[in-house]
Structure formats: C-alpha cells, structure tokens
Amino acid sequence: MNILVINSGSSSLKYQLFSMPDERPLCTGLIEKIGKEDSLIRHKTIREEDVQVTEKTLAVKDFGEGMKHVLALLTDSGLIKNTDDLEVIGHRVVHGGEYFSTAVVIDPDVKQKILGLSTLAPLHNPVNYKCIEFAEKIFPNAKQIAVFDTAFHQTMPEFAFRYAIPEKYYSEMHIRAYGFHGTSHKYVSERAMEWLGKPDVKMISIHLGNGCSITAVSGGKSIDTSMGFGPLSGLVMGTRSGDIDPSVILHLQRKEGKTADEMDKLLNNESGLLGLAGSNDMRDVMKMLESGNYDAELAIDMYAYRIKKYIGSYTAVLNGLDAIVFTAGVGENDALMREKICRGMEYFGIQLDAESNRIKSDQIREISEKSAGVKVLVIPTNEELEIARQSFELLREDPPCEQVILY
Ligand code: ADP
C-alpha cells in the first residue's frame, strides 16, 4: 500500500509518498511561498540508490493548485499511473481540540470539527481543511486520514492542562492547554522505548526546531508539555518568546496602546532568538557567539536555561527520569547547545559523554556517560513517517480506535 502524507503549513506544503508497511520513502517534496509569484517547488523521487530532483520556480496561487502540482509530479515521475493508484492520504492537522486523541478516517463530521477548530488555530486549521477538500476532489477514491498535532497530549491530566482562570472560560470557550508537536514527541518517544528495550520509561522529549517544545512522557503517554492553548508558551524559540509574565503584555497594551494583532506579531514573529540576537536561525546565532557577540551569548544562555528549568520541573512531575531525548534541527545537530543544557545536572543523573555528543550522524544515538543514571539520546524526528504509520495502523485496525469526546 502507498500512503501519501500531506503536511500543509500557513504558506507551504510538504508531502511524502511511502510504501507501507516497509516504510520506504518513494518521494519527498516541498512547495514554498504558496500565493506568491515566485513559489518554489522541490521534488525528489527516490528509487533505491537513484535520487532524481526536480526544481521549479513559478506562481502557485493557492493550495488547490499546489495539490494539482503534487499529482502532476507523482504521475510524471512514474510513481502513480492515475489518481486511483493512491489508496490512502494522511493529512497533518494542527488542532484536534478535545475531539481527537488518535488519528481518524475523515468524514463530513470530522471535517466540520476541523473547520470549527479554526478559531483555536487560525493560521493552520483552515489550510489543513482546504487541503483535505482538494485531496478529496483530486483523489476521490483514496481514504483520507487526519493525524493531529494535539492528539498525543490528550492524555494530560486536568490539573496539568487547565489554567487557573474562571471555569466558564474552559467550559464555554475551551480555553486550556492542548500542546503541539505531538506527532514528533510520539515518534521519538516510541523510538526511545524501542532503543531502551522497555515501555515503562520516564522520559523528557525535547523538540528544538523553529518552534520548540518539551514534553514529559511516562509509559509512552504525554503527561505535561510546554506549549499550551497556542504554540507560544514554554521554551525560547526561533521567533517566539515562550513563557512570559502576562503582565508584560498588559503593560505594553496600556503603555504603547498595542492591539491584539500587534502583540501577536511581537510575541510570535519578532521575539525569541530573533528578538534577542537578530537571527532566528541557531546556526547564525552560534556563529555570532564564536565572534564574541554578547547578545548571541545571552540568547543562547536563555534558550538553554529555559530548557534546564523544564527538565527540573518535569523530573519532579515524573518522580524520576530514565531518559532525555533531543530532536529536530537544533536538538539533532547542535552539540554545543545539548552540552549547555545538560551541564550542571549531575544531581539528576544527567551527564553527557563529550565525545559521543560531538559525533555527527543522522541515526539514533546515545550521548550520555555509560555510568550516568539518565540516558541522553539524539533521535532524528520523522513526522511524515509517523503520519504514514498512524494512517496505516488505523486502516489495519478498522474500525477506528476509540476517540475521547469531551464536548
Ligand atoms: P522546523 O520547525 O521548521 O521543522 P527544523 O527542525 O528544521 O525546523 O529546525 C530549524 C532550526 O534548526 C533552525 O534554528 C536551524 O538553525 C537549526 N539547525 C539546523 N541545522 C543545524 C546545525 N547543524 N546546527 C545548529 N542548528 C541547526
């Protein structure tokens, strides 16, 4: 069975075709700057050792056109003969609210719920919804599956996911912590359990990409996570502030008359590494550090310190710690950042092995001292593969797994 995975962002569309159950990628692709005159299409067809790359710059006016390009690239490269050749499409959907704790087969009711959750994820859910609609039109005979970023965190206890504000905001407006990056945290924590050879692991999964989040996982279940109602709280990120005292927001609104949209822009797009050091790319900030730049040094220290604080609190929440997992762009590649985060944590049993930490690899690896109580692992994430796996499992299990429906 071939499964096409569609991962649509606010202005980009990533896709991958997998042969299942052998999990072989047959192609990967990315359409960037959708809606602009100079959209960029990059497609890679993978046939054993032979990789063929197609690149084009042209205007892709919307996601519907984007999906048509995906179909043309799949047919032109001989991966499918016609639209009936594709049996399953797995869609990444950012917000599943409290409706979805697992992947689901998309039907009209699921689509309505995804669209209804747009108020909670205005940049993502409407685009995810559109891509589902286009996919249904283009591939009418394929089963469409939704895999939610929030689903993995639906196991958090109520005392972890509620905010201490009047109850009606939860019951009437669904204001609570949902958590994000769930597909990545689920994927890497399962790889960690396999690596460690046991399921009852207490671990902390740290996803450090452009967006960053940290999750406490016990026995394969998320019990707390740093992102909340939206993907803004928690760690210092590329352009997002992470945790900030809400009185700062009120103060800026009062003193500078900032509107909600202006505050949104400031905290989501102008803060984090970018706001502190002038670049949202950790590689640039690390280069600035090498040349003795103070702002870069401070940004890096703040980034590491925030993670350290979360490791401490999640170790308390878990009542112990067996493993820490680093993943995504920074987590997988930046040895110095991993070193800064783990330094001075011997009390918790965390001790890196300097040499294994420096090794560059795209494979799962252990970077802690052999004698340390906590295993520190680097595990490359693969959200697209996780979506393909969940879609495959769901269809195999037919009928779909039980869903948690709270409202
Ligand atoms: P996204 O959230 O967009 O999927 P990624 O997982 O690709 O993000 O991570 C992007 C971040 O990873 C950027 O800050 C980038 O600088 C950082 N990164 C990528 N490669 C390296 C590297 N070799 N060393 C340090 N940081 C890196």
Side-chain angles (χ1 to χ4, degrees), residues 9-11 94-95 119-124 149-150 153 160-161 163-165 169 175-182 184-185 204-216 224-286 288-289 293-314 326-331 334 337 340-341:
S10 44
S11 65
V94 164
H95 221 304
T119 47
L120 302 186
L123 295 182
H124 290 96
D149 266 19
T150 48
H153 302 299
F161 72 66
Y163 294 118
I165 57 173
Y169 293 104
I175 291 180
R176 51 157 286 179
Y178 290 96
F180 297 88
H181 289 148
S184 175
H185 288 297
I204 296 176
S205 159
I206 313 177
H207 178 109
L208 304 176
N210 279 309
C212 303
S213 68
I214 179 164
T215 299
D224 203 352
T225 193
S226 60
M227 284 179 167
F229 179 68
L232 186 51
S233 61
L235 306 182
V236 175
M237 314 187 206
T239 60
R240 289 173 242 170
S241 63
D243 289 339
I244 185 166
D245 179 346
S247 39
V248 173
I249 300 163
L250 303 175
H251 181 78
L252 289 179
Q253 286 180 322
R254 288 191 191 112
K255 288 283 169 192
E256 293 200 342
K258 285 200 185 296
T259 62
D261 284 347
E262 285 167 343
M263 282 313 301
D264 187 326
K265 190 161 168 253
L266 189 150
L267 295 171
N268 272 304
N269 305 331
E270 298 169 357
S271 296
L273 295 176
L274 178 68
L276 292 166
S279 170
N280 65 321
D281 191 312
M282 186 58 91
R283 287 165 289 200
D284 296 341
V285 184
M286 284 288 172
M288 289 160 69
L289 173 74
N293 182 292
Y294 174 79
D295 293 339
E297 187 181 348
L298 179 68
I300 287 166
D301 285 348
M302 287 174 67
Y303 188 101
Y305 179 70
R306 186 79 55 87
I307 296 169
K308 207 185 259 275
K309 284 209 293 191
Y310 269 95
I311 292 175
S313 65
Y314 285 172
F326 283 104
T327 194
V330 176
D334 195 329
M337 181 50 76
K340 279 179 177 288
I341 294 164

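Geometric assessment of R306 against the ring of Y310 yields a negative cation-pi assignment under the 6.0 Å and 45° thresholds.
The salt bridge (Lys or Arg N to Asp or Glu O under 4.0 Å) search around D301 returns K340, not counting sequence neighbours. Scanning for side chain to side chain donor-acceptor pair (under 3.5 Å) contacts around D281 gives R283, with sequence neighbours left out. Scored by the side-chain contact (heavy atoms from CB on, under 4.5 Å) test, N210 finds N280 as partners (sequence neighbours excluded). For E270, the salt bridge (Lys or Arg N to Asp or Glu O under 4.0 Å) partners at least two apart in sequence or on another chain are K265. Residues passing the side-chain contact (heavy atoms from CB on, under 4.5 Å) test with M337 are M282, M286, I300, Y303, A304, V330, D334, I341, sequence neighbours excluded. Taking A160 as the reference, P157, D224 meet the side-chain contact (heavy atoms from CB on, under 4.5 Å) condition, with sequence neighbours excluded. Taking the ring pair (Phe, Tyr, Trp, His ring centres under 6.0 Å) definition, one finds that F180 meets it with H95, sequence neighbours left out. Residues passing the side-chain contact (heavy atoms from CB on, under 4.5 Å) test with Y305, sequence neighbours excluded: K309. Taking K308 as the reference, nothing meets the salt bridge (Lys or Arg N to Asp or Glu O under 4.0 Å) condition, with sequence neighbours excluded. Listed by chain and residue number, nothing satisfies the side chain to side chain donor-acceptor pair (under 3.5 Å) test with Y314 (two or more places apart in sequence, or in another chain).
Here the straight-line distance linking atom CG of L232 with atom OG of S226 works out to 11.0 Å at 0.5 Å rounding. Separation of atoms CG (L208) and OG (S184) is listed at 10.0 Å; rounding is to 0.5 Å. Of the inter-residue distances, the one linking M288 atom CE with S279 atom OG reads 7.0 Å to the nearest 0.5 angstrom. Note that CG of L120 is 5.0 Å distant from CZ of F229, once rounded to the nearest 0.5 Å.
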**Message:** I'd like to know whether V285 forms a side chain to side chain contact (heavy atoms under 4.5 Å, CB included) with L276, so could you lay out the CA-CA distance, the side-chain angles of the two residues, the decisive distance to 0.1 Å, and finally the verdict.
**Reply:** CA-CA 10 Å; V285 184; L276 292 166; over 6 Å; no
**Message:** Show, in sequence, the C-alpha distance, side-chain angles and deciding distance for Y163 and Y169, and conclude whether the side chain to side chain contact (heavy atoms under 4.5 Å, CB included) test is met.
**Reply:** CA-CA 9 Å; Y163 294 118; Y169 293 104; over 6 Å; no
**Request:** Go through the steps to decide whether I214 and T225 satisfy the test side chain to side chain contact (heavy atoms under 4.5 Å, CB included), and finish with yes or no.
**Result:** CA-CA 6 Å; I214 179 164; T225 193; over 6 Å; no
**Asked** Between M237 and S271, is a side chain to side chain contact (heavy atoms under 4.5 Å, CB included) present by the stated rule, with each step listed?
**Response** CA-CA 8 Å; M237 314 187 206; S271 296; over 6 Å; no
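By the 4.5 Å heavy-atom criterion applied to side chains, L235 and D243 are not counted as neighbours. Proximity of L267 to M263: side-chain heavy atoms (C-beta onward) are separated by under 4.5 Å at one or more points. The closest side-chain heavy-atom distance from S205 to H181 is not below 4.5 Å.
A328 and G209 make their closest contact through CB-N, 3.7 Å (heavy atoms, listed as atom of the first residue, atom of the second, distance). When all heavy atoms of H153 and G179 are compared, the closest pair comes out as CD2-C, 3.4 Å. What you find for M227 and C212 is that their closest heavy atoms are CE-O, 3.4 Å.
In summary, the side chains of T327 and H207 do not present any donor paired with an acceptor at a separation below 3.5 Å, with no hydrogens or angles considered.
Applying the side-chain hydrogen bond (donor to acceptor under 3.5 Å, both in side chains) test to residues at least two apart or on different chains, none of the pairs has a partner in residues 232-242.
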Report all side-chain donor-acceptor pairs from residues 248-259 shorter than 3.5 Å, counting only partners two or more places apart or in another chain.
from: E256; atom 1: OE1; to: K258; atom 2: NZ; distance (Å): 3.3
from: T259; atom 1: OG1; to: E262; atom 2: N; distance (Å): 3.1

